[in-house]
Structure formats: C-alpha cells, structure tokens
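None of the values given here were measured: they were computed from a predicted structure. Indexing begins at 1, ligand by ligand and atom by atom, following the structure's order.
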Amino acid sequence: MVRDLNTLLLDSSAESIAKAGRIIKDGGLVAMPTETVYGLAANALDGSAVLKIFAAKGRPADNPLIVHISDFCDIGKFNLVSEIPKGAKILAEKFWPGPLTVIMKKSSAIPFEVSAGLDTVAIRLPSHPVARELIRCAGVPLAAPSANISGSPSPTTAEHVLKDMNGRIDAVIDGGMCEVGVESTVITLAGSVPRLLRPGGITVEQLREVLGEVEVDDAVLNGLADGAKAASPGMKYKHYAPKARVVLLKCTDDEYINYVNNVSTGSTAALCCDEDIPFLNVRCFSLGKRSEFSVHAHRLFDELRKIDEDNAVEVVFSRLPSTDGVGMALYNRLIRAAGFEVIDLGKN
Ligand code: AMP
Ligand code: MG
C-alpha cells in the first residue's frame, strides 16, 4: 500500500469513520468505499467544499455530482428535491440501498456546483455500511463522484485511490475491494418517460420490471453525435481509458484467439477470459470465466489499471461484450475505454 503523509489512510473502524465525518463537516474531502467504486465525498450542501472535488479530480465544471444519502427520509429532511416522483418511491423500495442513482427535479438547497447548473439532482442511497456510517457521522448528504483523476479508470480499492489522489485529498477510508466494481446505474425521472443514462449493477431489465417503459439514452451504447447535448454530461467525456490503446473485437471465441495470436507482437496484450489463457500467446489480463459477467464488472477497472502498470503494453484486445443484463454496463465502459474502436471480425 502506498503511504503518504498528506493523505490520511484510515481503516474502517467506528473511530476512523467518526474522524472522517469531522473532516467532512470542516469542509474537507474524504474518499470512501461504496459497493460500486470508491467515491470522493464532500458536504453536498456546501458549494465551496464541493468545488474542491472538481479541483482534486480535474473534473470538468459542467459534470454534475451524485448526492449520497443514508436514509430515504434524508430527501425530505434536507429538502433535496422540489417533488418526489412516484417512480422514485417505487425504485427506492426495490433497489435502495444499492447501486442505483435516481435523477429528480432539484430544490434550491442544492448548490450550483453539485448540479453543474442543471435543474435536476442525482441521488443515491448506497448499501456499503462504511459509506452509510460516514454519511450519518457527517450529518449531511455527501456529493461524491468516483475518487479517480477524471478520465482514468474508476478506483475499486483504497490503493487505486491513493495512486491518483495522494496529497490531493484529506483522507481515504480503506474498506477493501468494491463488490460491484462499476459505477451506479443512473436513471432520470425528470422527463415524461424514465430514461437510463448510465448502465450499472442494476440492469435495464430490472428497471423495466418495476417501472414498465424505460428508454435507453443514445449515449449509453453509442458516442455522442457531433454537437449533440448530453443528457448526462459525464457521458460525453473520454472515460475509463488506460494509457494503452484498447481495441474491441466483435467475434466468436475462436476468432478472438486466432486474431489476437495472429497480430501479436511484444507490445500487444489481451483483456480476456480465464478459458482463453491457455490458447493465447500474448500477455493476458483476465476478467474471469466467460459466463460470469458480474465478475467481469467487478474486475474491469482493476485489470485496466494493471494494464497501465505494464509499460510494455501498447495495444490491448478485448471482446465486444453483449449488451444483455450487466453486460450493458461492461459494454458502456469498454466502448469508451476503446474510444469506440471496434473491429467486426465477422465482416472480414
Ligand atoms: P461519477 O459519479 O463521476 O461516476 O459520475 C456521475 C454521473 O452522473 C456522470 O455521468 C454525471 O454526468 C451524471 N449526473 C450527475 N448528476 C446528474 C444530473 N443532474 N443530470 C444528469 N446526469 C447527472
Ligand atoms: Mg467517474
């Protein structure tokens, strides 16, 4: 574990969480474990504390933050929204606490910095006990984007956080590796039909089961058309990218192995599955067994960071994931890591 005197590395004991709560009350920044990825938390009701998040991450000022609460009642207690839509109660009942963020019309209690000037606010009730205890100790809702430098893979361990944020933030609480591994599903209820803005651990199929019709925003599976306005500003930025070039292959398992072996050089690698490893003659970074998509999500960012640490890797080949179930979250992250570069081997 990297240690630095500037950023305090805390364990997840009650005393440490209480200490982190005091840092937040005093306007500081604390990275906390959640079930999705590590979040960089500040008092969501204090615009100047929130501004420090943007500075620490190098986050574009037009990209709004998710507000984290520890109980559904916090929405009313802190007057976070102008009205709670019926769909929000249905979603909360079914999926909170958990990896789902719900966008609603905001109230005037939400600082401009949190909503980045939009008239909506994104709210999530995480299930991770450390995150919830920290929110309770701080006594305020916490604005918390992922605790990485903007553009790099999201952190799923305290070590990843320190790698990016050492000396830029007051403290990080070590809660081990995040369970889900990709950021929360984001759905907006601010329009006439609920719309998925970012896929995550809660799938669109699950959302449709309880809400009926749910649209999928164009930017989830495709790049934004030139000049188009992003419903979720975060989707327009290059994201999750390791330094190496990522290329996605649309192919069968055999085609994947043959192609990667045929083009292999000393600087190519495979972001692959366990079953591929014996057949590949390049450096392998495995996401797990072929059929275990939630394990792929759990490991994705850690493997992307490992690729970053291997200076010999210049190009990495991965399969284009299916968009079913949690596959949609993987697809959404990988296609951005690849800058939308896909080779369809079926067409060659
Ligand atoms: P992060 O927490 O950094 O992983 O990203 C939060 C995501 O939620 C980004 O893609 C934001 O653009 C999106 N987001 C947060 N608040 C809103 C909002 N009010 N309306 C639309 N998207 C939002
Ligand atoms: Mg992020």
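Atom CZ of Phe279 has 12 or fewer heavy atoms from other residues, nucleotides or ligands within 6.0 Å.
Within the structure, ligand 1 lacks Lys106 among the residues with a heavy atom less than 4.0 angstrom away. The shortest heavy-atom distance from Ser146 to ligand 1 is under 4.0 Å.
Only the side chain of Asn63 comes within contact range of ligand 1, with a heavy atom under 4.0 Å; no backbone atom does.
The aromatic rings of Trp96 and Phe72 are tilted relative to each other, their planes meeting at an angle between 30° and 60°.
Proximity of a side-chain donor or acceptor of Asp174 to a complementary backbone N or O of Gly176 within less than 3.5 Å is detected.
A salt bridge links Glu309 with Lys163: at least one charged nitrogen is closer than 4.0 Å to a carboxylate oxygen.
Among the atoms of Lys57, none of the N or O lies under 3.5 angstrom from an N or O of ligand 1. For ligand 1, the polar-atom distance check against Glu183 finds no nitrogen or oxygen pair separated by under 3.5 Å.
Short contacts between ligand 1 and Pro145, defined as distances under 4.0 Å to a heavy atom of the residue, involve ligand atoms 2 (O), 3 (O).
Taking backbone and side chain together, Ser154 holds no N, O or S atom under 2.8 Å from the Mg ion (ligand 2).
Exactly one residue among Lys289, Glu292, Arg319 makes a side chain to side chain contact (heavy atoms under 4.5 Å, CB included) with Cys273. That residue is Arg319.
Contact annotation: the side chain of Pro242 never approaches that of Lys306 to less than 4.5 Å [non-hydrogen atoms, C-beta and beyond].
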